[in-house]
Amino acid sequence: MRVEIWSDIACPWCYIGKARFEKGLAGFAHRDEVEVVHRSFELDPRLTKGETGTVIDMLAAKTGRTREEARAMEENVASNARSEGLGYRVEGRDYGSTFDIHRVLHLAKARGRQDALLDLVYRANFAEERSVFDEDTLVGLAVEAGLEDAEVRGVLADPDAYAAEVRDDQREAAELGANGVPFFVLDRRYGVSGGQPAELFTQALEQAWDSRTQAGAGA
């Protein structure tokens with residue numbers, strides 16, 4: 001059974017949702033028969049390469065709230081992350097275009113290192129003092145995940161490399177009705193939106209598995 005997860009590394013609920021899904025998967029009897037595929041989604045595709053700023057200032061401007069109110073919003077998200085054992089910095093995080101990061105994640109998928117790189121990028125973005133929007137930092141994370149430095153830099157230097165794959169993922173998300181992330185599609189039978197509790201993911205996996213089994217029995 002395949003589970004597809006649309007997400008953006010700039011999305012804190014995607015970071016939290018991945019951890020919760022993995023806990024839910026761990027509680028699923030047939031977990032060894034589940035293939036997990038991560039797909040691309042940009043929260044803000046209007047951002048251009050090199051355009052960065054601080055997350056709290058961006059949230060304040062986007063929501064029309066004060067910086068203090070935006071910080072309180074981030075503290076709430078941080079509390080959810082920490083309850084899952086995840087690190088989360090409220091101050092000092094930046095934001096930017098994630099298109100190049102998604103392209104490198106597609107390279108990692110082709111090399112069988114996608115999940116490892118995604119975890120490293122999430123950790124760097126949300127928990128550590130490293131900007132994933134800095135090219136050298138991104139390359140370093142990719143190398144840490146098992147990719148070759150020269151190959152990663154080659155992808156980043158070629159704006160067409162894996163660009164179609166990123167756009168195809170985003171187009172497919174729109175066709176499935178996903179206008180936000182994280183968005184989980186189980187066996188192309190069920191969809192789950194948001195960073196739901198782990199127990200809900202286990203239930204959804206069981207439901208999708210049972211439906212698959214019943215469909216096979218009726219074939």
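These numbers were taken from a predicted model, which means no experiment stands behind them. Values below: all heavy atoms of this structure, side chains included; hydrogens, waters and symmetry mates excluded.
- Residues A124 and R89 come closest through the heavy atom pair O-NH2, 4.3 Å.
- Partners of R103 according to the salt bridge (charged side-chain N to carboxylate O under 4.0 Å, His left out) rule, which considers only residues two or more places apart in sequence or in another chain, are D100.
- Rounding to the nearest 0.5 Å places CG of L105 at 4.5 Å from CG of L117.
- Between the side chain of N80 and the backbone N or O of N76, at least one donor-acceptor pair lies under 3.5 Å.
- Residues L43 and T98 have side chains not in contact (no heavy-atom distance under 4.5 Å, counting atoms from C-beta outward).
- Below 30°, between 30° and 60°, or above 60°: for H30 and F28 the angle between ring planes is above 60°, a perpendicular geometry.
- Under the 4.5 Å side-chain heavy-atom criterion for Ile, Leu, Val, Met, Phe, Trp and Tyr, I5 and L200 are members of the same hydrophobic cluster.
- Looking at Q114, its side chain does come within 3.5 Å of a backbone N or O of H38 through a donor-acceptor pair.
- Between E144 and R123, at least one side-chain N (NZ, or NE/NH1/NH2) sits under 4.0 Å from a carboxylate O, which counts as a salt bridge.
- Note: H102 NE2 to S7 OG = 6.5 Å, rounded to the nearest 0.5 Å.
- Environment of CD in E148: sparse, with no more than 12 heavy atoms of neighbouring residues, nucleotides or ligands closer than 6.0 Å.
- The structure places CG of L156 at 5.5 Å from CG of L138, a figure rounded to the nearest 0.5 Å.
- Residue pairs that meet the ring-ring contact (aromatic ring centres under 6.0 Å, His included) test with at least one member in residues 140-162, sequence neighbours left out, do not exist here.
- The backbone N or O of F133 sits nowhere less than 3.5 Å from a side-chain atom of D94 that would complete a donor-acceptor pair.
- Nearest heavy atom pair, residue A142 against residue V152, reads CB-CG2, 3.7 Å.
- One finds the OH atom of Y95 at 9.5 Å from the CG atom of L59 (value rounded to the nearest 0.5 Å).
- Taking R93 as the reference, E74, Y88 meet the side chain to side chain donor-acceptor pair (under 3.5 Å) condition, with sequence neighbours excluded.
- With hydrogens and angles ignored, the 3.5 Å screen pairs no side-chain donor or acceptor of R39 with any backbone N or O of Q170.
- Side-chain N or O atoms of T213 include one that pairs as donor or acceptor with a backbone N or O of W209 at under 3.5 Å.
- No donor-acceptor pair under 3.5 Å is formed between the side chain of T48 and the backbone N or O of E51.
- One hydrophobic cluster, built from ILVMFWY side chains closer than 4.5 Å, cannot hold both V55 and I101; they sit in different ones.
- Cluster annotation: V34 and F201 are assigned to the same hydrophobic cluster (Ile/Leu/Val/Met/Phe/Trp/Tyr, side-chain heavy-atom contacts under 4.5 Å, transitive).
- In this structure, R130 and V121 have side chains that are not in contact, with every pair of non-hydrogen atoms separated by 4.5 Å or more.
- In this structure, G195 and P182 approach most closely via the heavy-atom pair N-CG, 3.8 Å.
- In the hydrophobic clustering of ILVMFWY residues, with side-chain heavy atoms under 4.5 Å counting as a link, I9 and L107 come out together.
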Check: side-chain contact (heavy atoms from CB on, under 4.5 Å) between K18 and E84: does it pass, once the steps are laid out?
Finding: CA-CA 10 Å; K18 184 176 189 294; E84 301 298 333; over 6 Å; no

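- Distance CD/E165 to CZ/R167: 10.0 Å, rounded to 0.5 Å.
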Next item on the list: Check step by step if side-chain contact (heavy atoms from CB on, under 4.5 Å) holds for D136 and R153.
Entry: CA-CA 9 Å; D136 287 337; R153 291 188 187 278; 3.1 Å; yes

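- With a 4.5 Å cut-off on side-chain heavy atoms, E91 and R71 count as touching.
- Residues A70 and A60 approach most closely at CB-N, 3.8 Å, considering heavy atoms.
- In this model, no donor atom of one side chain and acceptor atom of the other lie less than 3.5 Å apart for D134 and S131.
- T52 approaches G96 most closely through the heavy-atom pair CG2-CA, 4.3 Å.
- Two different hydrophobic clusters hold F99 and V104 under the rule that ILVMFWY side chains link at heavy-atom gaps under 4.5 Å.
- Looking at V36 and L25, their side chains come closer than 4.5 Å, going by heavy atoms from C-beta outward.
- Here the CE-CG distance, from M58 to D44, works out to 8.0 Å after rounding to the nearest 0.5 Å.
- Of the options F21, W6, W13, a ring pair (Phe, Tyr, Trp, His ring centres under 6.0 Å) to F184 is made by F21 and by none of the others.
- You'll find the side chain of R2 stays beyond 4.5 Å of the side chain of R188, heavy atoms only.
- Among the candidates M73, R67, R65, the single residue satisfying the side-chain contact (heavy atoms from CB on, under 4.5 Å) test with E69 is R65.
- Here the side chains of H106 and D168 are not in contact, with every heavy-atom distance at 4.5 Å or above.
- Ring centroid separation for the pair F41 and F183 does not come in under the 6.0 Å cut-off.
- Using a 4.5 Å heavy-atom cutoff, the side chains of Q196 and R20 are not in contact.
- Scanning both residues, R113 and G146, for their nearest heavy atoms gives NE-CA, 4.4 Å.
- Residues E42 and L47 fail the side-chain proximity criterion, which asks for heavy atoms closer than 4.5 Å.
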Notebook entry, point to check: Which is it for L86 and F126 under the side-chain contact (heavy atoms from CB on, under 4.5 Å) test, yes or no, and what are the steps along the way?
Noted result: CA-CA 9 Å; L86 301 171; F126 290 104; over 6 Å; no

Next item on the list: Verify side-chain contact (heavy atoms from CB on, under 4.5 Å) between V185 and E172, making sure each step is shown before the conclusion.
Entry: CA-CA 11 Å; V185 176; E172 192 166 7; over 6 Å; no

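- In the displayed structure, D210 atom CG is contacted under 6.0 Å by more than 12 heavy atoms of other residues, nucleotides or ligands.
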